Amino acid sequence: MEEELKCPVCGSLFREPIILPCSHNVCLPCARTIAVQTPDGEPHLPQPLLHSRGSGLPAGAAAAPPLDHDAAAGPACSGGGGSAAGGLGGGAGGGGDHADKLSLYSETDSGYGSYTPSLKSPNGVRVLPMVPAPPGSSAAAARGAACSSLSSSSSSSITCPQCHRSASLDHRGLRGFQRNRLLEAIVQRYQQGRGAAQGASAASAVAICQLCDRTPPEPAATLCEQCDVLYCAACQLKCHPSRGPFAKHRLVQPPPPSAPAEANSASPGAAQGAPSGGGGCKSPGGAGAGAAGGSAARKFPTCPEHEMENYSMYCVSCRTPVCYLCLEEGRHGKHEVKPLGAMWKQHKAQLSQALNGVSDKAKEAKEFLVQLKNILQQVQENGLDYEACLVAQCDALVDALTRQKAKLLTKVTKEREHKLKMVWDQINHCTLKLRQSTGLMEYCLEVIKENDPSGFLQISDALIKRVQVSQEQWVKGALEPKVSAEFDLTLDSEPLLQAIHQLDFIQMKCRVPPGPLLQLEKCCTHNNSVTLAWRMPPFTHSPVDGYILELDDGDGGQFREVYVGKETLCTIDGLHFNSTYNARVKAFNSSGVGPYSKTVVLQTSDVAWFTFDPNSGHRDIILSNDNQTATCSSYDDRVVLGTAAFSKGVHYWELHVDRYDNHPDPAFGVARASVVKDMMLGKDDKAWAMYVDNNRSWFMHCNSHTNRTEGGVCKGATVGVLLDLNKHTLTFFINGQQQGPTAFSHVDGVFMPALSLNRNVQVPLTLPGGSPSSCSSRGAGASEVHLDDVGYKEADCCPPGQRGTYQLPLGIPRGQSSVA
């Protein structure tokens, strides 16, 4: 609380505090030091109204009179702190109309400035410099000169040292500000309580032994002047014996503690007698002593404008207490007023209520501090744990490297021994052969030296064969080393070195997330699309960076990823019809991938219900009847697609010609999703179609016209399309009869129902009335799309059917795809 009781200018406890218009407080002597003057001739701003105070100023009072520090200005400037308080006692609490004559400005906007050299207080607030004393004059005369220089100016203002808002002073000067009697009383009580506490602490101070290991230490019995140590009786005998080198030390009684009176008597007396230093608040002692002396005789506050009248009412507009004469004779007569006691209780209740909120926040702050201190302790403990863990992990890496080093050395040793064995074997073998060859050579030479022809011929044949055999032993490669002296072992340590250099910390406490929970109430299927929703289990503390959704192929095959992202709701389009899919999801973060959720089983529709797709059609296409009827606003041909896509099965649908004037050529067929939409169907390589007039029809693909067939359409005709993806053919029908031969073969891929027309044709989708003549059987079947063609689309939190581009715009299903 002491910080709330200190003046922002001098930094000491408040002395005669006054309330500035911005609701901040400042000492009265300090207020004189921070007043700023505008010299004569300097244009000054008119004093605006204090709208926040709810009062007005007469039109003729635009410029304020010069600064008047009231009767106490002289004594205050002469350094009499006590007399300053006495001189302002009756008037400082007045000035209830100050709200009408003060303006709140930012210092940069108000035009005020310090036109005299300025000093800085300890808190950085501008203060008025002292006027130098003429030779031979006293300091009091110099201070009087300063006050007279202030009064000679044309206008003055004061800037709040806390919010830096400026307020101009009226003819009453600082008396126009109310004196904060409540703050003054609190400062007085605080000083008295602090003085009593200091006295009690001084009285309880007893000299204690400085070497005791007891708790609490024993009182000191002696003081050694040479050692300058206090000893109790036991410690003196133990640590400072009377014999030996300590015998000559002088032991005396310990000094008595300071008296309480000595601790507290100097400050008030000195403060009362000391000058205030030009009106500053160097010490609050004088104010505290004066307040303490007059607390018992403090009278109930009276109205500053009517000194004999006590406050009885509260002006709501001016937010100040007033007396009844202010209501009858003063400017508060037309203001809203309320009883003083009632407003006192009301404001006390508001303050108490606000304090309850602050108290709750303070309680939370205390709990938060306890939590932070616990975190400090945990950080210390966890730091030690992590250091031990790091040392253990590095030691394990070193041990593993040492073991691997031993294994590699063993391999090198085995390789060396193998090479040595091979070389020695080859040396021994070659030495033996060389010895045999040398002996044979020497024997043959001796035989050649003999002169007995018959004896030579008896052995020559056998000897020649032996020599030839011996020569054959030295075949090519026999005199080449079987092993190389070089070792073919190469140790690739670069990846390991790179891994060591990249070895760094990850979030060691961050665990992989748990398996998500599938929200079965939000999982659904629609046509050949499935929608899945999931969420993380409650009380999950591990962060989640994203999710991985996996789906099988609808036939019990392997799972494949169809979505990776942060959304928890996903719709997958273009699946197989009449198929059962298994889906699962898992979460991941920087630490890894978590476990899978439970598997959910989803069944797609057994029949492909579809309508015209307004999102894929040309902008000139007009759809009606819940997207089941199509027409066009242009004379040029425009293309519209269906909402279903097929890649497998047998599909048949019919379109009814509601309007036709025998001139245009509507085209019916199938197309890829990327077909050109602003020309007749079949003119590009993305569509396979039959275009027809009132007499004949043609098949068209890549702008190639084939198979002209007699027989056209008229109003009321029905056109059927048979897409057999099992046989990869496309056939057309008019009024139930096949139109021409099979239109296209080798049709493979993903196709969507397609139609091109202009404004003279209107075509709705209809339910098939029966099987076409070329289709022997037609029943409920499936249209399937391989997972290679599946794409995923992120979904928002809307329910299925209300997703905009994320959900196929399926209206009331009328168009039917049947499978044979």
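Every value quoted in this text rests on a predicted model; they were computed, and no experiment measured them. The figures that follow rest on heavy atoms only: side chains count, while hydrogens, waters and symmetry mates do not.
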Let me confirm one number: the [atom1]-[atom2] distance from [X] to [Y], rounded to the nearest 0.5 Å.
| X | Y | atom1 | atom2 | value |
| --- | --- | --- | --- | --- |
| S756 | D637 | OG | CG | 5.0 Å |
| T731 | Y652 | OG1 | OH | 10.5 Å |
| K407 | T402 | NZ | OG1 | 12.5 Å |
| L489 | K411 | CG | NZ | 8.5 Å |
| N582 | D553 | CG | CG | 9.5 Å |
| T729 | H746 | OG1 | NE2 | 10.5 Å |

Validation row: [X], [Y] side chains within 4.5 angstrom (heavy atoms):
| X | Y | value |
| --- | --- | --- |
| V747 | L723 | yes |
| L532 | L549 | yes |
| C430 | W474 | yes |
| L681 | L755 | no |
| M690 | M700 | no |

Is any side-chain N of the basic residue among [X] and [Y] closer than 4.0 Å to the acidic one's carboxylate O?
| X | Y | answer |
| --- | --- | --- |
| R403 | D399 | no |
| K449 | E446 | yes |
| K482 | E480 | no |

Can you check side-chain hydrogen bond (donor to acceptor under 3.5 Å, both in side chains) on D573 and S529, steps first, answer last?
-> CA-CA 4 Å; D573 298 325; S529 300; 2.7 Å; yes
Ring-face cation of K566 near Y547 (centre distance under 6.0 Å, axis angle within 45°) | no
Give a yes/no verdict on a cation-pi contact between R416 and F487, requiring under 6.0 Å between NZ or CZ and the six-membered ring centre and an angle within 45° of the axis.
-> no
Using the benzene-type ring in the case of Trp, are the ring centres of F751 and H651 under 6.0 Å apart?
-> no
Could you check T531 against C523 for side-chain contact (heavy atoms from CB on, under 4.5 Å), going step by step and ending with a plain yes or no?
-> CA-CA 5 Å; T531 298; C523 297; over 6 Å; no
Once the angle between the rings of F732 and F744 is folded into 0 to 90°, is it parallel (under 30°), tilted (30 to 60°) or perpendicular (over 60°)?
-> perpendicular
Polar contact flag, side-chain donor to acceptor under 3.5 angstrom, W698-T709 | no
Going by atom types only, do D452 and S454 share a side-chain donor-acceptor pair under 3.5 Å?
-> yes
